[in-house]
**Student:** 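Input: one structure, supplied below.
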Amino acid sequence: MTQARTPLLRFEVGVDIGGTFTDVVCRSDSGEVRLVKIPTTRANPSAGVLHAVQHMAREWNVAPASITRFVHGTTVATNAVLERKGAKIGLICTEGFRDTLEIGRQNRHAVYSVLLRPETPAFLAPGALRREVAGRMSADGTELTALDEAAVRREADELVTAGVRAIAVSFLFSYLNPAHERRAAEIIRAAHPSLMVSLSCEVDPAFREYERTCITAFDAYLKPVIDRYLEDMERDLEAVGVGSTLQIMQSRGGVASSRIARRRPVRLFLSGPAAGVIGGSMAGLAAGFDDVITIDIGGTSADIALVSGGRPMIAAEGMLDGYAVRVPMVDVNAIGAGGGSIAWIDGAKSLRVGPASAGSEPGPACYARGGEQPTVTDASIVLGYLDPAYFAGGSLKLQPELSRQAIERKVAVPLGLTVEQAALGIHRVVNANMAEGIRFVSIKRGIDPRRFGLVPLGGGGPVHATALARDLGMQKVVVPLHPGVLSASGLLAAPVEHEAAVAFHARLEQATPDDLARAFAALDRQCATLMQVENIDPGKVEVRYYADVCYVGQSHHIEVPVSMQDAGGEATGEPADVIARIRAGFHEAHDRIYGHSAGGPMTFVNLRAVHQAQATGERPLEGEYRPAAGEPLKGRRPIMTELSNGFVEANVYERSRIMPGTTIAGPAIIEQADTTTVIEPGWTATVDAVGNLVMTQGEAA
């Protein structure tokens, strides 16, 4: 009689590399979830991925060969721009347009600054590396002047001699007719096969010359860096026995195989923060909230985003280091406020917090690693929110006396306050900064944050959650089961997604449903090709369509959803209904955002198709919630909040032991390995069936 063999478990792994910690979540096909935070190796971020694989094999007995899905969120693209560590590139433009990248737009954000800072990224391709060639398309896409192919070859040769590793090509009106750009790419690649080339007709096929040139230059700037980073990571994972395809989080909130991500590196901006928003939206849905605001508070920054109807809000353009980058991304407002944010006194003797951060090296004063500046984490220690012996699950022992000394020396004495008053002041200032960041992503869109739930994540999110919600008038807070590593969990919850766009210039009254259908069909073919590379079953792909619309003569457009059935497919009403609904959707969105809408003529700007599919089918964000055995109440300790007159005694609970249905009244502290949740007086918290901590504000708050 043969003994039945135990089926081998398979695992999905999400690894999110942050500035302070690399978060790792490992989920088995039986639903068991394990997590760990590993210090980030700043000199070589990809080493953190290997450390994660080694940790899983050593501590959890997870064989690399049993990993069937490996998803990664990275800040490499963002950091390459912030640190100016991209590749040396050249830019080839239409004759007469060489300085488009440097001229930019007349918009200036710091109009009252005495010293004006350039707001165009001329560092991408300085003047000597920007070249122009003859050849011209007209505004309707017809050829006016043939491309000077000899000039293309000559300029490319000279740029290579100058040491460039990539070339960006941006010709006038190439979004209408890309023939010249594609021929230029053929010439360059034939002469220099190892050189990387970025074409504006592929990176951003939309009108506005500066924006299209800018994002194409960024693509070329990042391409060698991202290509090497992901190629090395693929090789390292293969060397240790991980056979699954490496997937990368994109800025829109979907994942793609590294093979595709290497082709389109500009889509990796905000890769890490996007994963946190996906995780927060899934946690909100699990708790019954379609509309939430997520705030990811780490060591250096707080990333804030709005989720409406269960979907993160997407911005067609974002800001990176002060530069406008036209690439679709989760609309995240990042501010310099986190656990490592440094408190300081300005010239007017006012208390300020951030944006400078102590980071992880040397870190807050309580880390005892040489840091002497008081931080938000030091204030949390003084106020009693954090247990010095249980920080990060006890992996890092804090020194509270160093926190008191730093706050006393740098804040309390200069302002004539006690150490406790100064610590509370630090929290009030940083909370005010974050509350203003939340207003920025909600009220600026015409959305009242009071009807949304707040989902805090990151190591610091639950510490500040009730104070922020109270300030904003929000009644509900949902703290996920593992908020400290929710970005890594979000990687596993994110769908495979690909997006394609095309310029579509037509007045609404002149466009027909058939025109839309033909344009969307072409976009569908592009997305379907990318999905084939991902080995996704076409029957599992969800397709959505959007149109960018504006009033005639208006500078900024608004994205409006479009139903494909109305666009010449299986019509559900009169053929013109799709145009009428687009018009109505634009009026509603314009009124919500700007407070008014007009009856003037409107025009299409771009059309967009988004193809999306769950990589492993519909799954909950976490495994089944199974509380650990034991008494959840660990003890009591004094804490100070804005709502208490001095210190008050708060019950301290171990979250992993709290049973579903349990209700806890504030003031209270709930501790877990990846974060600490502060429940202010006047708030109650209830553990729901899937392990979320749902906090409700009462009248006393």
Side-chain angles (χ1 to χ4, degrees), residues 253 270 273-274 276-297 301-315 318-319 329-338 427-458 460-480 483 486 558-559 588-595 641-643 666 677-680 682-685 692-701:
L270 295 186
V277 179
I278 296 299
S281 65
M282 296 296 291
L285 288 172
F289 295 90
D290 292 341
D291 298 331
V292 298
I293 295 174
T294 66
I295 179 164
D296 184 352
I297 305 176
S301 65
D303 299 326
I304 305 163
L306 189 144
V307 177
S308 179
R311 296 185 184 276
M313 302 293 281
I314 304 297
M319 295 294 293
M329 60 179 65
V330 172
D331 193 5
V332 174
N333 179 30
I335 63 174
H427 260 255
R428 293 180 67 179
V429 170
V430 77
N431 287 342
N433 293 342
M434 291 187 286
E436 190 62 26
I438 292 174
R439 293 186 182 99
F440 184 78
V441 303
S442 55
I443 295 175
K444 80 160 186 174
R445 292 179 174 272
I447 293 173
D448 186 349
R450 292 175 296 183
R451 67 178 181 85
F452 281 65
L454 183 65
V455 178
L457 53 145
V463 175
H464 300 267
T466 54
L468 288 172
R470 172 172 47 80
D471 189 5
L472 294 160
M474 303 171 74
Q475 302 299 313
K476 296 286 187 179
V477 176
V478 179
V479 183
L486 199 63
I558 295 175
E559 185 179 82
E588 186 278 329
H590 198 282
D591 184 68
R592 173 171 47 81
I593 296 171
Y594 298 110
T641 72
E642 290 185 57
L643 299 179
T677 301
V678 176
I679 307 175
E680 290 186 328
W683 286 79
T684 58
N692 290 316
L693 196 65
V694 181
M695 298 192 288
T696 304
Q697 183 175 197
E699 293 182 2

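Counting from 1, the numbers follow the sequence of the chain as shown.
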**Student:** From Ile304 CD1 over to Ile335 CD1, what is the distance, rounded to the nearest 0.5 angstrom?
**Tutor:**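 Rounded to the nearest 0.5 Å, the CD1-CD1 separation comes out at 4.5 Å.
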**Student:** Return the set of residues passing salt bridge (Lys or Arg N to Asp or Glu O under 4.0 Å) with Arg451 (not counting sequence neighbours), or none when no residue passes.
**Tutor:**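 Expected list: Asp291.
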**Student:** What do the steps show when you test Ile558 against Tyr594 for side-chain contact (heavy atoms from CB on, under 4.5 Å), and what is the final call?
**Tutor:** CA-CA 11 Å; Ile558 295 175; Tyr594 298 110; 3.9 Å; yes
**Student:** Suppose we screen for salt bridge (Lys or Arg N to Asp or Glu O under 4.0 Å). Which residues come up paired with Glu642, at least two apart in sequence or across chains?
**Tutor:**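 So Glu642 forms a salt bridge (Lys or Arg N to Asp or Glu O under 4.0 Å) with Arg428, Arg470.
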**Student:** Between Val478 and Val292, is there a side-chain heavy-atom distance shorter than 4.5 Å?
**Tutor:**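 Side-chain contact under 4.5 Å: no.
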**Student:** Taking the side chain as every heavy atom from C-beta outward, state whether Val455 and Val307 have any atom pair closer than 4.5 Å.
**Tutor:**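 Not touching, per the 4.5 Å side-chain cut-off.
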**Student:** Under the side chain to side chain contact (heavy atoms under 4.5 Å, CB included) rule, collect the residues that match up with Phe440, sequence neighbours excluded.
**Tutor:**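 Residues passing side chain to side chain contact (heavy atoms under 4.5 Å, CB included) with Phe440: Asn333, Lys444.
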**Student:** How far apart are the closest heavy atoms of Ile293 and Ser442, and which atoms are they?
**Tutor:**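 Where Ile293 meets Ser442 most closely, the heavy atoms are CD1-CB, 4.2 Å.
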**Student:** Quick one: side chains of residues 276-289, donor-acceptor pairs under 3.5 Å with protein atoms, not counting sequence neighbours, listed by atom name and distance.
**Tutor:**
{"from": "Ser281", "atom 1": "OG", "to": "Val277", "atom 2": "O", "distance (Å)": "3.4"}
{"from": "Ser281", "atom 1": "OG", "to": "Ile278", "atom 2": "O", "distance (Å)": "2.8"}

**Student:** Counting C-beta onward and ignoring hydrogens, is there a side-chain heavy-atom pair between Asp331 and Leu306 closer than 4.5 Å?
**Tutor:**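 They are not in contact (no side-chain heavy atoms under 4.5 Å apart), so the answer is no.
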**Student:** I'd like to check the side chain to side chain contact (heavy atoms under 4.5 Å, CB included) partners of Arg439; sequence neighbours left out, ordered by chain and number.
**Tutor:**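 By the side chain to side chain contact (heavy atoms under 4.5 Å, CB included) rule, Arg439 matches Ala435, Glu436, Ile443, Asp471, Leu472.
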**Student:** Measuring from atom CD1 of Ile438 to atom CG of Leu454, what distance do you get when rounded to the nearest 0.5 angstrom?
**Tutor:**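 Interatomic distance, Ile438 CD1 to Leu454 CG, rounded to 0.5 Å: 5.5 Å.
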**Student:** Return yes if some donor-acceptor pair links the side-chain N/O of Asp448 with the main-chain N/O of Arg450 below 3.5 Å, else return no.
**Tutor:**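 It does hold such a pair.
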**Student:** Applying salt bridge (Lys or Arg N to Asp or Glu O under 4.0 Å), name anything that partners Asp591, two or more places apart in sequence or on another chain.
**Tutor:**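 If we apply the salt bridge (Lys or Arg N to Asp or Glu O under 4.0 Å) test to Asp591, skipping adjacent residues, there are no hits.
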**Student:** Between the main-chain N or O of Val678 and the side-chain N or O of Thr466, is there a donor-acceptor pair closer than 3.5 Å?
**Tutor:**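 Indeed, once roles are kept as given, a pair shorter than 3.5 Å links the two residues.
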**Student:** Please list, chain by chain and in numerical order, all residues satisfying side-chain hydrogen bond (donor to acceptor under 3.5 Å, both in side chains) with Arg592, sequence neighbours excluded.
**Tutor:**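 Scan of Arg592 (side-chain hydrogen bond (donor to acceptor under 3.5 Å, both in side chains), adjacent residues dropped) gives none.
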**Student:** Sequence neighbours excluded, which residues qualify as ring-ring contact (aromatic ring centres under 6.0 Å, His included) partners of His464?
**Tutor:**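 In terms of ring-ring contact (aromatic ring centres under 6.0 Å, His included), with neighbours along the sequence ignored, His464 is linked to His427.
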**Student:** Can you list everything that forms a side-chain hydrogen bond (donor to acceptor under 3.5 Å, both in side chains) with Glu559? Sequence neighbours excluded, please.
**Tutor:**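 In terms of side-chain hydrogen bond (donor to acceptor under 3.5 Å, both in side chains), with neighbours along the sequence ignored, Glu559 is linked to Arg608.
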**Student:** Look at the side chain of Glu680 and the backbone N and O of Gly666, then say whether any donor-acceptor pair between them is shorter than 3.5 Å.
**Tutor:**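 Pair absent, no side-chain N/O of Glu680 close to backbone of Gly666.
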**Student:** Can you name the residues that form a side chain to side chain contact (heavy atoms under 4.5 Å, CB included) with Ser301, not counting sequence neighbours?
**Tutor:**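 If we apply the side chain to side chain contact (heavy atoms under 4.5 Å, CB included) test to Ser301, skipping adjacent residues, the hits are Asp303.
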**Student:** Checking Asn433 now: which residues fulfil side-chain hydrogen bond (donor to acceptor under 3.5 Å, both in side chains) with it, not counting sequence neighbours?
**Tutor:**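 Counting only residues at least two positions away or on another chain, Asn433 forms no side-chain hydrogen bond (donor to acceptor under 3.5 Å, both in side chains).
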**Student:** In a check of side chain to side chain contact (heavy atoms under 4.5 Å, CB included) between Thr677 and each of Val477, Val463, Val479, which one passes?
**Tutor:**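 When Val477, Val463, Val479 are each tested with Thr677, the side chain to side chain contact (heavy atoms under 4.5 Å, CB included) holds only for Val479.
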**Student:** State the CD-CH2 distance between Gln475 and Trp683, to the nearest 0.5 angstrom.
**Tutor:**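 Going from CD on Gln475 over to CH2 on Trp683, the span is 6.5 Å.
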**Student:** Partners of Ala274 by side chain to side chain contact (heavy atoms under 4.5 Å, CB included), sequence neighbours excluded?
**Tutor:**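 Expected list: Met249, Val330.
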**Student:** Does the pair Thr684 and Met695 meet the rule for a side-chain contact (heavy atoms from CB on, under 4.5 Å), with working shown?
**Tutor:** CA-CA 5 Å; Thr684 58; Met695 298 192 288; over 6 Å; no
